[in-house]
Amino acid sequence: MKLHLFESLPQAFATIPPREIGSLLPGPSLFFLEGERTPPLFVSILLHGNETTGLLALQHLLKETEGTFPRSIILFVGNIRAAQAGVRKMDHEPDYNRIWSGGQSEEEQLASEVLRHVAEHTPLACIDMHNNTGKNPHYACVNTLDRPTVNLARRFSPTIVYFTEPHEVISIACSRIAPSVTLECGIAGEFSGTMHACDYLKSCLFSNQEQLFSHPEGKHDDVFHTVAKITLPDNARPGFGNRCDDADICFRSDFDLLNFTRVAAGTVLGTAQTQAGILNVSNNLNKDVTEEYFQIRNGEIRTTRHFIPAMFTMDRTVIHQDCLGYIMEPYPIHEEKPCIGSKRELRC
Ligand SMILES: [Zn+2]
């Protein structure tokens, strides 16, 4: 698999619909775009083919700046084939945001080549742009808790998610190069997400280093830590609300509205309709912790403790390609904490 390198964007990049990007780019592409100052900002988009806000935000930015940049940008455009097909990933290919921790597959080799180029140019910061399929606030994810990284995230949203698993994501690899964030910009294609992401990119490009990493004034923070992931067995068919006729497990119709709310112990999430209708919860050490969070009694799936969900989705493809959602706990970081935890987990 070849990584295509360019020093400028094709003119049609500014207007091309996401589903047609394959007519412009032959495959995964890395652009070195010169701006008025350096170091560059590293931006990655379309690692998931149907998460189009990154591309749309860049197109908006190109219109506003008439193609000139106040700061250089290194831009990685990831899964062209999946973007063309309008899907997160192609069926027989790996997820392009799970290939960044080394390895010998051709996609992992390509990812390593991208990282070598990025590291060589010592970027100021790294920004990976994504969308959710369920209803979530716009939020930024971080993988380290050093102040520059947290402040970079705060500039996007007061809601911040700290995660260390899955560890194969680009933002964790980039966090070893520069402060690195993942932007979750709501549902793909929503105008508010495009504008929010565009404004964020613009402010990063116009800021100097000191401004970029300082605490944005007046912003409180709400930091959450993902502690577990919920999946369904491969053969389990999920349904939602009144669309449960052929479902093994039927979730409530407002399932994704629970994201970022405090769900109390004893809350009913849905019903198990067949033997296959079970949830699996695994923690960050990949240990099965299902019983710590859920019990099924008389067919009802109830929470056994309170927690905060994120990325709960009603998209069956995403549920099977990735997961049903994540479980989070509040993670207050505004008080000074002693340096505990492994170095990778907590930098002080
Ligand atoms: Zn994504």
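It should be emphasised that the depicted structure is a prediction, and the values quoted were computed from it without experimental measurement. Counting starts at 1 for both ligands and their atoms, in listed order. Positions are given from 1, in the same order as the sequence printed here. All values below come from the heavy atoms of this structure, side chains included, with hydrogens, waters and symmetry mates left out.
- Under the side chain to side chain contact (heavy atoms under 4.5 Å, CB included) criterion, Thr274 pairs with Asp248, Ala276, sequence neighbours left out.
- The existence of a salt bridge linking Arg155 and Asp199 is excluded, since no basic side-chain nitrogen approaches an acidic carboxylate oxygen closer than 4.0 Å.
- Counting only heavy atoms from C-beta outward, the side chains of His215 and Arg154 approach each other to under 4.5 Å.
- With 2.8 Å as the limit, Glu51 counts as an N, O or S neighbour of the Zn ion (ligand 1).
- Nearest N, O or S atom of His48 to the Zn ion (ligand 1): atom ND1.
- Of all N, O or S atoms in His130, the one lying closest to the Zn ion (ligand 1) is ND1.
- Salt bridge absent: Arg71 and Glu34 never bring a charged side-chain N and a carboxylate O closer than 4.0 Å.
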